[in-house]
Number of protein chains: 2
Amino acid sequence: MYSEGMSASDTSERLIESTRELLWERGYVGTSPKAILERAGAGQGSMYHHFKGKPDLALAAIRRTAEEMRATAAGVLDGPGTPYERIEAYLRRERDVLRGCPVGRLTMDPDVIASDELRAPVDETLDWLRERLAGIVEEGKERGQFASGLDGESIAATIVATVQGGYVLARASGSPTAFDVGVRGLLSLLAPRQDQDQDQD
Amino acid sequence: MYSEGMSASDTSERLIESTRELLWERGYVGTSPKAILERAGAGQGSMYHHFKGKPDLALAAIRRTAEEMRATAAGVLDGPGTPYERIEAYLRRERDVLRGCPVGRLTMDPDVIASDELRAPVDETLDWLRERLAGIVEEGKERGQFASGLDGESIAATIVATVQGGYVLARASGSPTAFDVGVRGLLSLLAPRQDQDQDQD
DNA sequence: GTCTATATCCCGATAGAC
DNA sequence: GTCTATCGGGATATAGAC
């Protein structure tokens, strides 16, 4: 990452990490520089030395969170198993459901949506995820695991939406159960027919 | 509503409506009393005369928004058509997609989630919606329109989650398309088999 | 009921010492 | 690089005149 063998300053690093946590917990509008500085154990000057201001720091934090989410998803989606099994693994992977999605939640932040720069990493990440899932669905169709009438991109959007909406249901009810139930419903709709021809893995 | 023939004061009414708009646009954390007062054309005194403070006014606004959403959904779900057709009508009903769901978006607001009182109308509304949809799915199973292996409550959670997550995808990309695509994917998974026995409507 | 004035604290940012 | 001091304005609420 740091081609000259340098490392980012510890303070800069702590500022980004604190911002990531607070953006996840309270969103952009609900996160103040003061709260970030307190959590990072830094003073005002440090933040304005390393970053141009709150939007600039938030951008660094959002980019890192988005990257991390892509890496996590890729870890599951590139794993072993049939297309259905990989989708199931993605849907059932361990999540801190009640905390919500650190990327998706930003779409409800007016200031993030108002800024093309802040919105871009969010958009790119969810878009990447949909394309990745669409490819897996198409692969499943080729293998005969999914009905040939299904459209990869549509199903991919449904999968990502179910996850994002699952967070909403869980947070509304104060329990992760609703998330799991929604996922179960989707999997029951996606489940390969027992009596269908399928390639062996 | 007003048993004695009285009407709520116009000012109180305007305060609630302005709060509803701002909660939808900016969420609870992003909405200040000052902004509400400006939009309502009222002074500080009016607000603190009619309401105990920001949380109290927000509660009145959220309750009304929740009630309105239930009424809108009921209008479609109680409409004519087979179970599948009513679910399709719900999923395809006209929406201001890029504005997001005025109820669901509140689940991303830390202060709403931290307050049982503010969260309650949100929870009750999404819960009501899930139960209502679950009943329709069960009805569809009885009629043979849906596979008997499907679980009403799970499918209902998937439907509501797809809608809520559809808003997320749309707002991330800045276009309503992703919402529609996700809905299309879900409908393709729910679509009654052509060759299946079905009651006539 | 509604207004203005005031209070106290926080917001996001800048200045300049060290 | 990091600190503290300071700024102008906004957030939320109260006081008290009308």
Side-chain angles (χ1 to χ4, degrees), chain A residues 2 4-62 106 109-115 117-118, chain B residues 2 4-62 106 109-115 117-118:
Chain A
Y2 301 101
E4 312 295 327
M6 301 180 300
S7 73
S9 86
D10 276 5
T11 300
S12 164
E13 192 59 27
R14 285 203 313 278
L15 286 168
I16 293 176
E17 287 302 313
S18 299
T19 304
R20 276 174 11 106
E21 292 172 17
L22 281 162
L23 286 180
W24 196 354
E25 292 168 21
R26 304 196 41 85
Y28 183 86
V29 169
T31 296
S32 70
K34 189 187 180 190
I36 294 169
L37 296 171
E38 272 169 15
R39 188 169 296 211
Q44 293 271 90
S46 297
M47 169 175 153
Y48 286 100
H49 172 75
H50 291 287
F51 302 94
K52 288 199 283 284
K54 176 180 167 177
D56 189 43
L57 173 51
L59 181 57
I62 292 173
L106 296 171
D109 230 301
D111 291 5
V112 171
I113 293 305
S115 157
E117 216 177 1
L118 292 179
Chain B
Y2 300 99
E4 311 296 327
M6 300 180 301
S7 73
S9 86
D10 275 4
T11 301
S12 163
E13 192 58 29
R14 284 202 315 277
L15 286 169
I16 293 177
E17 286 302 313
S18 299
T19 304
R20 283 187 351 119
E21 291 172 18
L22 282 163
L23 286 180
W24 196 355
E25 292 168 22
R26 304 196 42 85
Y28 182 86
V29 168
T31 297
S32 70
K34 189 185 180 191
I36 294 168
L37 296 171
E38 273 170 13
R39 189 169 295 211
Q44 293 272 90
S46 296
M47 170 175 151
Y48 286 99
H49 172 75
H50 291 288
F51 301 95
K52 287 199 282 285
K54 176 179 167 179
D56 189 42
L57 173 52
L59 182 58
I62 291 173
L106 297 171
D109 231 300
D111 291 6
V112 171
I113 293 305
S115 157
E117 215 176 0
L118 292 179

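Below, read A as the first sequence line, B as the second, and so on, with proteins coming before strands; counting in each chain starts at 1.
- With rounding to the nearest 0.5 angstrom, the OG1 atom of Thr19(A) is 10.0 Å from the OH atom of Tyr28(A).
- Separating the CZ atom of Phe51(A) from the C1' atom of dG1(D) is a distance of 13 Å, rounded to the nearest angstrom.
- Within the 4.0 Å cut-off from OP1 or OP2 of dG1(C), not a single side-chain nitrogen or oxygen of Ser9(B) is found.
- The backbone N or O of Asp111(A) sits nowhere less than 3.5 Å from a side-chain atom of Ser115(A) that would complete a donor-acceptor pair.
- When the P atom of dG1(C) is taken as reference, atom CD of Glu13(B) falls 15 Å away, rounded to whole Å.
- Here dA13(C) presents its C1' atom at 15 Å from CG of Leu15(A), a figure rounded to the nearest Å.
- Taking every side-chain heavy atom of Lys54(B) into account, dA13(D) is the closest of dA13(C), dT2(D), dA13(D).
- Distances were taken from every side-chain heavy atom of Gln44(B) (C-beta onward) to each of dG12(C), dC3(C), dT14(D); the shortest belongs to dT14(D).
- Shown for residues 17-43 of chain A: residues whose heavy atoms fall under 4.0 angstrom of DNA chain D, namely Ala42(A), Gly43(A).
- Atom NE2 of His49(B) and atom C1' of dC18(D) are 15 Å apart (whole Å).
- One distance of note links CD1 of Ile36(A) with CD of Glu38(A); it measures 11.0 Å at 0.5 Å rounding.
- Using a 4.5 Å heavy-atom cutoff, the side chains of Leu59(B) and Leu118(B) are in contact.
- Which of dG1(C), dT2(D), dT4(D) sits closest to the side chain of Thr11(A) comes down to dT2(D).
- The pair Arg26(A)-Glu21(A) does not count as a salt bridge, with every side-chain nitrogen at least 4.0 angstrom from each carboxylate oxygen.
- For the pair Tyr48(A) and dT14(C), the criterion of a side-chain N or O lying under 4.0 Å from OP1 or OP2 is not met.
- Nucleotide dT2(C) holds its P atom 14 Å from the CE atom of Met47(B), rounded to whole Å.
- Interatomic distance, Thr11(B) OG1 to Arg14(B) CZ, rounded to the nearest 0.5 Å: 4.5 Å.
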